[in-house]
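To start, the structure itself, in structure tokens.
Atoms within a ligand are numbered from 1 in the order they appear, just like the ligands themselves. Just so it is clear, the structure is predicted and the values come from calculations on it, not from any experiment.
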Amino acid sequence: MVRVIQGNLNASGMRFGIVVSRFNSLVTERLQAGAIDALCRHGVRAEDIDVVLVPGAFDIPLFAKKMAESGRYHALICLGAVIKGETPHFDYIAAAMTQGIKEIMLSCGVPVTFGVLTTESVEQALDRAGAKLGNKGFEAAVSAIEMANALKTLEE
Ligand code: INI
């Protein structure tokens, strides 16, 4: 008999932390609303969700690390919007933030999902923050629930 391990989407009794960057807040506020909506609709109580606001995407990893190390959360959700300008700034911020988030997940053993948009324009970002192409904040929260439950099942 093959043992298939996967996470369910029942999140009642679980605690989540969300780190959101304020930069491009028109977009990130919508990602945040999508993530909270997803958590609540999967059974998480509002008092079991902490939101930390940071200035920009580059600043997300420090707070995600502190929250992961606290042992308080079943999973973390990182939300932001890095939008390409005319300089290579975008590439440096996106690379450092992505690498940072990945390292936290692997070193702390806590699921940290990636809901940071990296787009060419504000329009592309808005399309992915509740307009034409869904809401990546909602998706990142659902992934966080699945990852947390999969980890729990694996460790049982
Ligand atoms: N931060 C973002 O979240 N998105 C961006 O598009 C962005 N741009 O383009 O500069 C951005 N910059 C700020 C950066 O994340 C840090 O907050 C800042 O460098 C201070 O550490």
Side-chain angles (χ1 to χ4, degrees), residues 7 9 11 14-42 44-151:
L9 297 180
M14 293 181 128
R15 284 188 304 274
F16 292 85
I18 308 176
V19 189
V20 193
S21 61
R22 279 204 192 87
F23 209 102
N24 296 315
S25 62
L26 180 68
V27 176
T28 63
E29 281 171 5
R30 291 165 196 221
L31 295 174
Q32 180 184 324
I36 291 172
D37 182 38
L39 294 178
C40 292
R41 285 166 62 188
H42 287 86
V44 184
R45 294 178 309 173
E47 57 266 40
D48 289 331
I49 304 171
D50 289 337
V51 176
V52 175
L53 298 175
V54 299
F58 186 79
D59 315 306
I60 291 174
L62 172 64
F63 285 86
K65 183 166 191 279
K66 291 282 178 199
M67 292 170 94
E69 286 171 347
S70 73
R72 179 173 163 73
Y73 305 101
H74 291 89
L76 300 173
I77 301 149
C78 298
L79 304 175
V82 191
I83 300 175
K84 213 171 177 93
E86 286 168 6
T87 70
H89 200 61
F90 168 98
D91 301 289
Y92 293 114
I93 290 177
M97 171 267 304
T98 309
Q99 188 70 13
I101 291 173
K102 185 199 77 181
E103 278 168 18
I104 293 154
M105 173 150 72
L106 297 182
S107 65
C108 299
V110 176
V112 184
T113 61
F114 188 75
V116 183
L117 300 173
T118 53
T119 62
E120 300 280 334
S121 67
V122 174
E123 191 189 1
Q124 282 180 350
L126 286 170
D127 280 348
R128 291 158 179 79
K132 281 188 232 164
L133 298 171
N135 186 314
K136 294 291 168 195
F138 189 101
E139 289 174 24
V142 173
S143 297
I145 295 168
E146 180 173 347
M147 291 280 282
N149 279 322
L151 208 55

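Of the protein's heavy atoms, A57 N, 2.8 Å lies nearest to atom 3 (O) of ligand 1. For atom 7 (C) of ligand 1, the closest heavy atom belonging to the protein is F23 CE2, 3.3 Å. Atom 6 (O) of ligand 1 has I83 N, 3.1 Å as its closest protein atom, hydrogens excluded (heavy atom only). Annotation: atom 12 (N) of ligand 1 to nearest protein heavy atom, I93 CD1, 3.3 Å.
The closest non-hydrogen atom to atom 18 (C) of ligand 1, taken over V122, L79, D59, comes from D59.
Pairing each heavy atom of I77 with each of F16, the nearest pair is CD1-CD2, 4.4 Å. Smallest separation of non-hydrogen atoms from N135 and R30: ND2-O, 3.1 Å.
The local environment of CZ in F63 is sparse, with at most 12 non-hydrogen atoms from other residues, nucleotides or ligands closer than 6.0 Å. Environment of CZ in F114: crowded, with over 12 heavy atoms of neighbouring residues, nucleotides or ligands closer than 6.0 Å. With a 6.0 Å radius and a threshold of 12 heavy atoms from other residues, nucleotides or ligands, E69 has its CD atom above the threshold.
In summary, the atoms of ligand 1 found under 4.0 Å from a heavy atom of F58, numbered by their order in the structure, are 14 (C), 15 (O), 16 (C), 21 (O). Heavy-atom contacts of N24 reach the following atoms of ligand 1: 4 (N), 5 (C), 6 (O) (cutoff under 4.0 Å). Atoms of ligand 1 lying under 4.0 Å from at least one heavy atom of A81, given by number and element, are 2 (C), 3 (O), 4 (N), 5 (C), 6 (O). Of all atoms in ligand 1, numbered sequentially from 1 with element shown, those under 4.0 Å from a heavy atom of H89 are 8 (N), 10 (O).
Residues D50 and R72 are paired through a salt bridge, judged by an N-O separation under 4.0 Å between the basic side chain and the carboxylate.
Contact check for I18 versus V52: no side-chain heavy atoms found under the 4.5 Å cut-off.
By the 3.5 Å distance cut-off applied to N or O atoms, G56 is counted among the residues near ligand 1.
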